[in-house]
Amino acid sequence: MKLMTWNVNSVRSRLQRLVAVLDRHEPDVVCLQELKGIEEVFPREAIEAAGYYAAVYGQKAYNGVAILSRTEPERIVRGMGDEDPQARLIAADIRDVRVLSAYVPNGSEVGSEKYQYKLAWLKRLTAHLAAEYSPDDKVVLCGDFNVAVDDADVRNPAKWADSVLCHPTVRDALESVRAWGFVDVFRKHHPAGGVYSWWDYRRLGFQTDDGIRLDHVYATASLAAESTAADVDRDERKGKGASDHAPVVVTFEDRH
DNA sequence: ATGGCATAATTGTTATGA
């Protein structure tokens with residue numbers, strides 16, 4: 001199974017690139033974030049024409065997550081079963097794997113209300129996982145976590161040290177999610193770090209390789225043991241009309 | 001300290017991102 005996660009930064013404005021990415025990589029499952037629109041404006045026909053089912057959790061203007069799949073997604077669940085109106089989590093069974101696509105809040109600035117919401121969201125996610133799943137299941141949590149787990153994933157650590165992406169409090173909150181029962185699958189294949197998935201549109205972020213790895217694939221141990229490769233499609237960040245995030249692609253060996 | 005750039009909702013400007 002080939003799995004991709006990508007923050008597309010508007011699925012409508014990125015549609016041509018998304019279809020090209022699907023053609024290029026032929027993933028079995030794709031977790032998308034930042035759709036930036038309600039489900040009614042999701043480009044379902046184009047995605048289906050490319051050969052994919054789509055489970056969509058949209059919202060006006062902001063956020064929005066989806067799971068695309070070659071096979072029909074089952075047991076689709078939007079959100080965490082509470083009253084939060086922000087569309088940031090969708091889950092579905094893809095064959096025998098529970099797949100979750102997550103868009104963790106950015107947090108704006110350390111100490112702000114949005115930062116508190118980010119920390120609380122990660123805490124809610126940990127509780128949700130504990131309530132709904134077992135680390136013994138085959139579960140993969142993918143998405144834009146808006147957290148660099150350590151400085152090996154940051155090209156210029158000093159510059160980002162006090163940011164909402166690298167602050168110790170948010171790293172601790174993400175570590176609590178991971179400690180529920182996940183392996184950082186990308187890290188398994190790139191133990192030394194130095195591979196990034198996001199570059200700021202501003203200040204020549206990509207041109208100067210001022211990158212950070214924010215997009216993660218967290219799999220439970222039995223599933224993580226089956227991964228054979230993990231890579232960032234850095235070329236997708238190039239040129240006019242790119243998302244500020246590049247796709248992350250992970251391959252798991254087939255069990256059947 | 002601020003802005004840089006991109007997108008949506010909306011038509012001039014604001015909210016948000018990371």
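Proteins come first, then strands; the chains are lettered A, B, ... in the order of their sequence lines, and each starts at number 1. Since this is a predicted model, take the numbers as computed values, not measurements.
Looking at heavy-atom distances under 4.0 Å, A/R237 makes no contact with the nucleic acid at all. When heavy atoms are screened at a 4.0 angstrom cut-off, A/N146 is found touching the sugar-phosphate backbone but no base atom. Among the heavy atoms of the strands, none lies under 4.0 Å from A/Y115. Contacts of A/N63 with the nucleic acid, taken as non-hydrogen atoms under 4.0 Å apart, are absent.
Between A/H245 and the phosphate of B/dG17, there is no side-chain N or O to OP1/OP2 separation shorter than 4.0 Å. A sub-4.0 Å separation between OP1 or OP2 of B/dA18 and a side-chain N or O of A/Y103 is present.
B/dA15 and B/dG3: their P atoms are spaced 14 Å apart (whole Å). A distance of about 23 Å separates the C1' atoms of B/dA1 and B/dT13, rounded to the whole Å. The P atoms of B/dA8 and B/dA18 are separated by 14 Å, rounded to the nearest whole Å. Rounded to the nearest Å, the gap between the C1' atom of B/dT11 and that of B/dT2 is 27 Å.
If you take NZ of A/K240 and C1' of B/dA6, they are 11 Å apart, rounded to a whole angstrom. One can place NZ of A/K36 at 7 Å from C1' of B/dT16, the figure rounded to the nearest angstrom. Whole-Å rounding puts the A/D144 CG to B/dA18 C1' distance at 9 Å. The CD atom of A/Q59 sits 10 Å away from the P atom of B/dG17 (whole-angstrom rounding). Atom CG of A/N106 is separated from atom C1' of B/dA18 by 5 Å (rounded to the nearest Å). Summarising the geometry, the separation between CG on A/N7 and P on B/dG17 is reported as 11 Å, rounded to the nearest angstrom. Taking atom CG on A/L214 and atom P on B/dG17, their separation rounds to 14 Å, with Å as the unit. With rounding to whole Å, A/K118 atom NZ is found 8 Å from B/dA18 atom C1'.
Classification of A/R234 and A/D209 as a salt-bridged pair holds, one side-chain N sitting under 4.0 Å from a carboxylate O. Using a cutoff of 4.0 Å between basic side-chain nitrogens and carboxylate oxygens, A/R98 and A/D93 are scored as salt-bridged.
Considering CD1 of A/I67 and OH of A/Y52, their distance stands at 14.0 Å, rounded to 0.5 Å.
Both A/S10 and A/D244 lie close to DNA chain B; mapped to their nearest nucleotides by heavy-atom distance, the more 5′-ward contact belongs to A/S10. Taking the nucleotide of DNA chain B with the nearest heavy atom to each of A/A242 and A/K114, the more 5' of the two is matched to A/A242.
Of the residues in residues 202-213 of chain A, those lying under 4.0 Å from DNA chain B by heavy-atom distance are A/R202, A/R203. The stretch residues 158-173 of chain A comes close to DNA chain B through A/L165, each having a heavy atom under 4.0 Å from the strand.
Taking the centre and axis of the six-membered ring of A/Y103, the NZ or CZ atom of A/R88 falls inside the cone set by 45° and 6.0 Å. Both tests do not hold together for A/R155 against A/Y196: distance to the six-membered ring centre under 6.0 Å, angle to the ring axis within 45°.
The aromatic rings of A/Y115 and A/H167 stand perpendicular to each other, their planes meeting at an angle above 60°, with 30° marking the opposite boundary. Ring geometry, A/W199 versus A/F206: the interplanar angle exceeds 60°, so the pair is classed perpendicular (tilted spans 30 to 60°).
Comparing B/dT7, B/dA18, B/dA9 against the side chain of A/R14 picks out B/dT7 as the nearest.
A heavy-atom distance below 4.5 Å is found between the side chains of A/H189 and A/S227.
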Could you please spell out the steps behind the ring-ring contact (aromatic ring centres under 6.0 Å, His included) verdict for A/W160 and A/W198?
CA-CA 13 Å; A/W160 297 98; A/W198 171 84; 5.6 Å; yes
Would A/H245 and A/V232 satisfy side chain to side chain contact (heavy atoms under 4.5 Å, CB included), going step by step from the backbone distance to the final call?
CA-CA 10 Å; A/H245 294 253; A/V232 171; over 6 Å; no
Working note: A/V248 + A/W6, criterion side chain to side chain contact (heavy atoms under 4.5 Å, CB included); need CA distance, chi angles, decisive distance, verdict.
CA-CA 6 Å; A/V248 176; A/W6 189 21; over 6 Å; no
